[in-house]
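The analysis underlying the following values was restricted to heavy atoms, covering all of them including side chains, and did not include hydrogens, waters or symmetry mates. We name chains A, B, ... by the order of the sequence lines, and we start the count at 1 in each one. Model, not experiment: these values are computed from the prediction.
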Amino acid sequence: MSAASDNVYLPKLAVLDRVVDEIAEVKTFYWHFENPDEQKAFRRFRPGQFAQVSLFGAGEFPASLPPSPTEHDTFFTVRNVGSCTAALHQLQPGERFAVRGPYGNGFPMNQYAGKNLVFVAGGIGLIPLRSCIVYALAHRDQFASLQVFYGARTPRELMYRDTLRQWEQSAGVECHLTVDRAGPDWSGHVGVVGSLFERPGVQLPVANTIAFVCGPPVMFRFVIKDLLAMGLPEACIVSTLERYMKCGVGKCGHCCIGVAYVCVDGPVFTYEQIKKLGEDI
Amino acid sequence: MKARILEPARVLSIVDRLRSSGYEVIAPFLGRGRDTFFEPVTDANRDRIQIHLPNPYYPPKRFVLPHIERLLRIHRHDGTYDIEPTCDHTQRAIFGIRSCDVAGVYHLDRFYLGREFRDVYYEKRRKNLFLVNVVCTDPERDIDDACFCVCADTGPAARDHFDLQLMDLGDEFMVVAGSAAGEAFIDDPMFRKATPAHLEKRRQILTEVRKQFKTTTSWFPATVRYVSQDSILEKTWEAIGNRCLECGGCTYVCPACTCFTVTDRHTGPDDIERVRMWDACALGGFTRMAGGHNPRRAVHDRRNRRFFRKLAHYFIQRELSMACMGCGRCVAVCHGDIGMPSVVEMIRRATAPVEKLPPAAQTP
Ligand code: SF4
Ligand code: FES
């Protein structure tokens with residue numbers, strides 16, 4: 001093995017193909033590796049994993065992988081929050097950056113075979129969950145039922161609108177959307193994500209269920225409370241933790257909480273584990 | 001293990017032999033006052049190498065994990081980039097590394113080379129490293145007031161993970177090989193065979209030396225247990241945290257700390273290098289994410305983090321040792337007197353299950 005392929009810190013060149021606006025300050029970046037072998041190797045990623053994205057001169061940042069391996073496209077959805085993400089937001093199609101990964105444990109989708117999957121997302125929390133929802137739909141016969149509960153502050157802040165429309169029309173998944181504040185263009189439900197559980201006709205299965213919860217800290221806390229009150233065990237609630245990450249491979253120490261290095265032991269944890277780690281979400 | 005005997009006058013010929021066979025040799029030198037440091041040996045400074053001296057504060061860890069290390073050189077041209085990893089392949093020997101620091105290097109081996117990913121930068125440096133350990137035998141010059149290797153079970157004489165070990169027996173030096181490379185090295189007429197009498201003398205000296213330590217804390221096992229069971233009260237962590245000035249000094253001198261940060265810097269209009277540098281979990285920005293959210297807020301959160309990471313049973317199992325080598329450097333540099341022995345003591349005093357004793361028997 002050559003020294004280069006052995007080097008976990010060596011990012012591989014990637015080309016930006018196109019950019020799609022999602023919501024304010026959030027864009028989706030479609031890209032591919034310059035080297036087709038890298039592309040093939042990378043495409044073995046699992047839902048819930050992430051990658052380290054390099055913008056030379058600005059640095060590196062961790063980005064979840066919103067596509068499912070069952071889809072053809074490879075892309076990141078990134079909010080413009082810091083100098084590295086800003087550099088990506090400025091990149092033009094055809095320009096180069098670099099990527100290494102995939103990293104992290106990902107969701108153990110095989111272990112969830114035969115179960116009811118409940119996805120609860122708030123705001124950009126849909127980014128890491130998008131992958132497993134698409135994956136579950138592509139392997140629909142492996143799961144008992146699929147439900148998506150997704151909320152944003154306003155209708156304009158709903159992510160992946162085309163995909164949401166597809167889910168709403170699909171017979172394979174029950175998709176419930178809500179916004180905190182409606183506008184004239186919104187005829188759907190209004191209220192926090194948790195209020196969707198009480199809507200007439202909504203039946204949230206408690207037995208044999210895995211609930212995926214991702215979203216802002218406040219939403220997370222309330223949804224967890226709701227789910228626990230319904231009788232869902234802590235071990236059946238899963239989420240992904242976001243941390244400041246420098247290396248992605250368990251060495252730099254930045255992502256370490258309790259006994260876990262989020263980049264290698266996570267980012268997927270059950271609520272039972274998260275509670276034991278004992279830090280803020 | 002093979003033991004050999006060497007005349008004191010010939011000890012530095014070990015350095016000469018290493019140098020002439022292509023090693024860059026690092027050795028300890030005396031500065032002014034208590035100041036001591038490791039530096040590459042040259043013809044000019046060779047005769048000033050010290051065998052007995054207080055262990056330098058700036059640990060020799062930096063020869064396997066430099067304070068600042070370039071990872072990649074990146075050159076931009078015609079809309080694309082050349083990315084070149086830059087590993088250090090220097091053959092290097094550290095002469096006079098103390099036992100606590102030998103244990104520190106082994107700890108780093110477990111961390112950087114173990115688990116899912118190997119760190120090639122560390123690996124390349126480590127593979128080319130030859131360690132000549134010196135046993136601390138002189139209570140005046142070798143052993144600092146703050147040294148507590150006897151408690152961390154790493155010294156004053158390392159048991160393994162060195163290539164050669166030198167020990168001053170008074171009028172002679174004992175040389176022990178700890179690796180195949182070390183054995184090959186002592187297979188030379190310059191060394192004599194050691195006799196059982198030499199081994200007995202070594203044992204006696206070590207027994208005596210172990211009594212010379214001023215800092216002792218026998219509470220490591222209890223503290224490890226309290227830390228791992230999460231039975232330390234919030235107010236104890238707070239009391240420790242309140243004394244931390246967040247200078248990062250303890251991390252800077254620690255032979256076992258592993259954290260780093262990575263940053264890109266421009267070296268020319270089209271040239272960038274990606275470097276990593278030591279980082280400290282005690283510093284405020286360590287876990288702050290882009291956008292400002294910081295899940296670890298209070299200083300005691302961060303302080304705890306460091307001691308938790310060093311003492312929790314989970315990590316001890318993973319790396320096969322606590323991440324404290326007993327070198328005493330944090331004791332010497334900490335302005336708030338929360339070096340490891342004080343912390344162990346504070347935790348133990350506050351956490352020992354005194355409530356199980358009858359009230360009269362309780363001690364504060
Ligand atoms: S801690 Fe022990 S091995 Fe390290 S310098 Fe002090 S006496 Fe020597
Ligand atoms: S990101 Fe470096 S250890 Fe996890």
How far apart are the C-alpha atoms of C247(A) and R276(B), what are their side-chain angles, what is the distance that settles it, and do they pass the side chain to side chain contact (heavy atoms under 4.5 Å, CB included) test?
CA-CA 10 Å; C247(A) 72; R276(B) 69 165 159 200; over 6 Å; no
Distance, nearest 0.5 Å, that separates CD of E34(A) from OG1 of T80(B)
5.0 Å
Atom CZ of R153(A) with >12 non-hydrogen neighbours under 6.0 angstrom:
no
If I take atom CZ from residue R274(B) and atom CG from residue L10(A), how far apart are they, to the nearest 0.5 angstrom?
9.5 Å
Determine the minimum heavy-atom distance between D264(B) and G57(A), stating which atoms define it.
OD2-N, 2.9 Å
Does F222(A), at its CZ atom, have more than 12 non-hydrogen atoms belonging to other residues, nucleotides or ligands within less than 6.0 Å?
no
Please find the pair of heavy atoms, one from C256(A) and one from R309(B), that lie closest to each other, and give the distance.
SG-CD, 4.4 Å
Residue pair R318(B), V259(A): steps toward the side chain to side chain contact (heavy atoms under 4.5 Å, CB included) verdict
CA-CA 11 Å; R318(B) 221 177 76 169; V259(A) 295; over 6 Å; no
Side chains of S54(A) and I74(B), heavy atoms from C-beta outward: is any pair under 4.5 Å?
no
Portion of Y112(B) that has a non-hydrogen atom of chain A nearer than 4.5 angstrom:
both
More than 12 heavy atoms of other residues, nucleotides or ligands under 6.0 Å from CH2 of W278(B): is that the case?
yes
Which region of Y122(B), side chain (C-beta onward) or backbone (N, CA, C, O), has a non-hydrogen atom less than 4.5 Å from a non-hydrogen atom of chain A, or is it both or neither?
neither
For the atom pair NZ (K124(B)) and CG (D6(A)), what is the distance rounded to the nearest 0.5 Å?
6.5 Å
Heavy-atom check, side chain of I83(B) versus side chain of F56(A), under 4.5 Å
yes
When you measure from the side chain of K251(A) to the backbone N and O of R118(B), does any donor-acceptor pair fall under 3.5 Å?
no
Count the heavy atoms belonging to other residues, nucleotides or ligands that lie under 6.0 Å from CG of D88(B), then report whether that count exceeds 12.
yes
Selection from V264(A), V249(A), L13(A) maximising heavy-atom pairs under 4.5 Å formed with chain B:
V249(A)
Report the relative orientation of the aromatic rings in Y261(A) and F315(B); use parallel for angles under 30°, tilted for 30 to 60°, perpendicular for over 60°.
perpendicular
For a quick test of reading the model, state the closest non-hydrogen atom pair linking G253(A) to C259(B) and the distance between them.
CA-SG, 3.7 Å
Measuring only between side-chain heavy atoms, which start at C-beta, is C263(A) closer than 4.5 Å to F117(B)?
no
Determine the minimum heavy-atom distance between N7(A) and P85(B), stating which atoms define it.
ND2-CB, 3.5 Å
